[in-house]
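These numbers were taken from a predicted model, which means no experiment stands behind them. Reminder, nothing fancy here: chain letters follow the sequence lines and each chain counts from 1.
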Number of protein chains: 2
Amino acid sequence: MSYGDAMSARVRSEERRAEIVRAALEVIAERGYRGASLAAVAERVGLTQQGLLHYFPTKNALLVAVLEERDQWDAVPDTTWRADLLASLVEYNAMRPGIVQTFSALLGESVTEGHPARAYFTERYRRVRESMSCILRTEYGDRLPNGLTPERTAPLLVAVMDGLQYQWLLDPESVDMPGAFRDFLTLLGER
Amino acid sequence: MSYGDAMSARVRSEERRAEIVRAALEVIAERGYRGASLAAVAERVGLTQQGLLHYFPTKNALLVAVLEERDQWDAVPDTTWRADLLASLVEYNAMRPGIVQTFSALLGESVTEGHPARAYFTERYRRVRESMSCILRTEYGDRLPNGLTPERTAPLLVAVMDGLQYQWLLDPESVDMPGAFRDFLTLLGER
DNA sequence: TCGCCTACCTGTAGACCAGTAGGTTTCGTT
DNA sequence: AACGAAACCTACTGGTCTACAGGTAGGCGA
């Protein structure tokens, strides 16, 4: 058995899957999950719909892969997170409207009944709020300068990030997302 | 011509239309706009899908009616709006998860390309931000206690409201939407 | 009473969609 | 050279969707 060649086959397959996930991200951004047809995703990577089903046996499996990709994406080690880095994250997002649009669309859909991403987002927000609390506690201690606890501030922080994304996606000319977020951070930071 | 009877016919028709719009709100909350089939809405009011099309000739027309209903809903005269009333609005919303879910789902979908509600939400947010600026200026003058202008605060206010709604819809047990919103208001109000 | 309008209905066209069945080609391994 | 698996494809099933076409029944005004 030649490891080199065996790997190259596996690698190529893995690359194909990544390609497909990337295409799925795009199509979901454009049409939402419900509106994203397997055929549309397949066409974007030069496959037939059935060829795509060879890599992901169901549409749901493809969605799972998309969500896992996202998890990997912002799985930055907790220690490197600091409040000032949040501003850079928002700035970074402002340069990648595609990704933001994908997950804003998915978040919106996920509140509907029985949506396959609902559990994911519920769990994710719980984690993110917790993580934010930690960051805030490290930065400010048990009370922010304005008197709120980190646990009560975290939902607001998350809400501002998401809410600004929708306003910005709908009307990027009128909404300065990074600027507004910095405004919010100063709101938290000053006493 | 008997006005009384003519009116009663028109009234009955208008009532039917309102019934349909209400049913559409429910179905959209459950499955989003794309996932909401005319047949599902029709069934809920005891009509066939084609019977429904007699009242709203296209699915789009039904959506327009839904959005118009919403506009009428929060078309409270500007003068009665005050910052302290915003907290009651959020509290009120917390008692009507159905409506919140409908419009959160629609907002999420609206960021996708060519969505029929996109223009509506874009325009709406522009108006709401403006309106919020006015409220804040009336309340605080040209500078909030924290130093921000009303124009820079308004997007944050709107973002917090929307963002909290998503977190709350996904996990009402963990998120105290009205409480968190009050926290944010005190954040604005104290110097 | 006649005719018209409203409020529905059945039937169906024409798309699309996820997923199955069962091929064939390509290619690395033995 | 033979084998087997991976990587696709064609063909199809059974379903759902919006919308159109063309009916019918009942009430209202003339």
Of the nucleotides [options], which has the atom closest to the [X] side chain?
X        : options                  : answer
Arg16(A) : dG19(C), dC8(D), dA7(C)  : dC8(D)
Gln49(B) : dG19(C), dT18(D), dC9(D) : dT18(D)
Tyr55(A) : dA7(D), dC8(C), dC17(C)  : dA7(D)
His54(B) : dA18(C), dA7(C), dA19(D) : dA7(C)
Lys59(A) : dG19(C), dT18(D), dC9(C) : dG19(C)

[X] has an atom [atom1]; how far is it from atom [atom2] of [N], in whole Å?
X        : N       : atom1 : atom2 : result
Gln50(A) : dG22(C) : CD    : C1'   : 12 Å
Ile20(B) : dA7(C)  : CD1   : C1'   : 11 Å
Arg34(B) : dC16(C) : CZ    : C1'   : 13 Å
Asn60(B) : dC17(D) : CG    : C1'   : 15 Å
Arg31(B) : dT16(D) : CZ    : P     : 11 Å
Leu53(A) : dA6(D)  : CG    : C1'   : 16 Å
Glu43(B) : dC9(C)  : CD    : P     : 12 Å
Leu62(B) : dA19(D) : CG    : P     : 10 Å

Any side-chain N or O of [X] under 4.0 Å from OP1/OP2 of [N]?
X        : N       : answer
Ser37(A) : dC16(C) : no
Thr48(A) : dC9(D)  : yes
Ser13(A) : dA7(D)  : yes

* Measure across Trp168(B) and Ala94(B) and return the closest heavy-atom pair with its distance rounded to 0.1 Å. =>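 That closest heavy-atom pairing would be CZ2-O, 3.2 Å.
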
Mind checking if [X] touches a base, just sugar-phosphate, or nothing, with heavy atoms under 4.0 Å?
X        : answer
Ala61(B) : nothing
Leu38(B) : sugar-phosphate
Ala36(B) : sugar-phosphate

* Pair Arg126(B) + Glu173(A), salt bridge at N-O below 4.0 Å ->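 Answer for the salt bridge query: no.
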
* With ring centroids as reference points, do Phe121(B) and His115(B) lie under 6.0 angstrom apart? -> no

* Asked: If only atom types and distance count, is the side chain of Arg129(A) paired as donor or acceptor with the main-chain N or O of Val158(A) below 3.5 Å?
  ->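 Flag not set: sc Arg129(A) to bb Val158(A) has no pair under 3.5 Å.
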
* **Qualifying residue for side chain to side chain donor-acceptor pair (under 3.5 Å) with Arg137(A), from Thr153(A), Thr149(A), Asp142(A)** => Asp142(A)

